[in-house]
Amino acid sequence: MTGMAIEILLVEDHPGDVRLTQEVLKDFKVGNTMHVVRDGMKAMAFLHRKGKYADAHLPDLILLDLNLPKKNGSEVLAEIKADKDLKRIPVVVLTTSNAEQDILKTYNLHANCYITKPVDLNQFIHVLKSIEDFWLSIVKLPTSKEV
Amino acid sequence: MQPKDVRILLVEDNPDDVELTLRAFRKRNLANEIIVARDGEEALAILFQGGKESPRHRAVDLILLDLKLPKVDGLEVLRQVKSNPETQPIPIVVLTSSKEENDLAESYRLGANSYIRKPVNFDKFAGVVMQLDLYWLLLNEPPPKK
């Protein structure tokens, strides 16, 4: 269950969260690539390989914040899960909201899971490590390439 | 991240794998209730107790689903759960020994929340169950109960 080269797309506008996620995930496995886009429009441009993202590869896993500028995370999720080529990519929703209506709405849009970002820094690091353990070593991703 | 009171539906026909999964969960000492269905038909009967229109879907918070099952196979169970708006939010983790690429692609296409290949070795399998438990029962926010 090791030795995969994984590409992750992080959709997050908050610079601190971006930085922390990059720091935590880069410590672990060599060969993983993380692409960052800071709003919903850019996320869709990346996934449809438009404009400056023409050479982008489809990611193996998407980490998606819900509160995003330009196009919010729910719209991005709905578009991904309605697209026959994109829908198989697991989407981990990672957000500060723990409102029941957001959780249910997100599952109704076919999110693969829903994780509340802890406010506490150490707990947030722990959450990021757990996401990595689960999705990058336990789970078989749809596009996993054995290397 | 407090442990949540959850009920798991394990859909697995191989008695050894059922025993291993239950044992691995017991090792974690959690009081989660685990319901076992031995084939796809039984799983659907549990999930759709009130009929297709008003299934008592809240009975289950997480489904661990094997693919190779008697009567109704796992992909069909997955398709039915994920195409019914009442049961669609329930997370389904496919836990299988299948090495077929098609099962992997088809499971995600039908809306599986994650796909895990069962390790053959018990210790490794217990490790996977532990991770499953940590991830789905502690980290993840399950769909709210009605």
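Taking CZ of B:R117 as the start and NZ of A:K140 as the end, the distance is 4.0 Å to the nearest 0.5 Å. Taking CG of A:L104 as the reference point, atom CD of B:E141 lies at 12.5 Å (rounded to 0.5 Å). To the nearest 0.5 Å, atoms CG (B:N140) and OG (A:S130) are separated by 11.5 Å.
Both A:L128 and A:L121 are part of a single hydrophobic cluster, where members link through side-chain heavy atoms under 4.5 Å apart. In this structure, B:L20 is not a member of the same hydrophobic cluster as B:V120, with clusters built from ILVMFWY side-chain heavy atoms closer than 4.5 Å. Hydrophobic clustering of Ile, Leu, Val, Met, Phe, Trp and Tyr side chains at less than 4.5 Å, counting indirect connections, keeps A:M41 apart from A:F46.
Heavy atoms of A:V93 lying under 4.5 Å from chain B are absent altogether. Contacts between A:I131 and chain B at a heavy-atom distance below 4.5 Å involve backbone atoms as well as side-chain atoms. For B:I92, no part sits under 4.5 Å from any heavy atom of chain A, backbone or side chain.
Counting heavy atoms from C-beta on, the side chains of B:Y135 and A:D133 never come closer than 4.5 Å. Residues A:H110 and B:Q88 are in side-chain contact: their nearest non-hydrogen atoms beyond the backbone lie under 4.5 Å apart. By the 4.5 Å heavy-atom criterion applied to side chains, A:Y114 and B:L139 are not counted as neighbours.
Of all heavy-atom pairs between B:P143 and A:I103, the closest is CA-CG2, 4.0 Å. Nearest heavy-atom pair, A:Y107 versus B:P89, reported as atom, atom and distance to 0.1 Å: CD2-O, 3.6 Å. Closest approach of B:L104 and A:P142 over heavy atoms only: CD2-O, 3.9 Å. Shortest non-hydrogen contact noted between B:A112 and A:N112 is O-ND2, 3.2 Å.
Taking a 6.0 Å sphere around NZ of B:K68, one finds it holds more than 12 heavy atoms contributed by other residues, nucleotides or ligands.
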- Task: Test side chain to side chain contact (heavy atoms under 4.5 Å, CB included) on B:Y108 and A:I89 and set out the steps.
- Result: CA-CA 8 Å; B:Y108 278 110; A:I89 304 172; over 6 Å; no
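Between the side chain of B:N113 and the backbone N or O of A:C113 there is no donor-acceptor pair closer than 3.5 Å.
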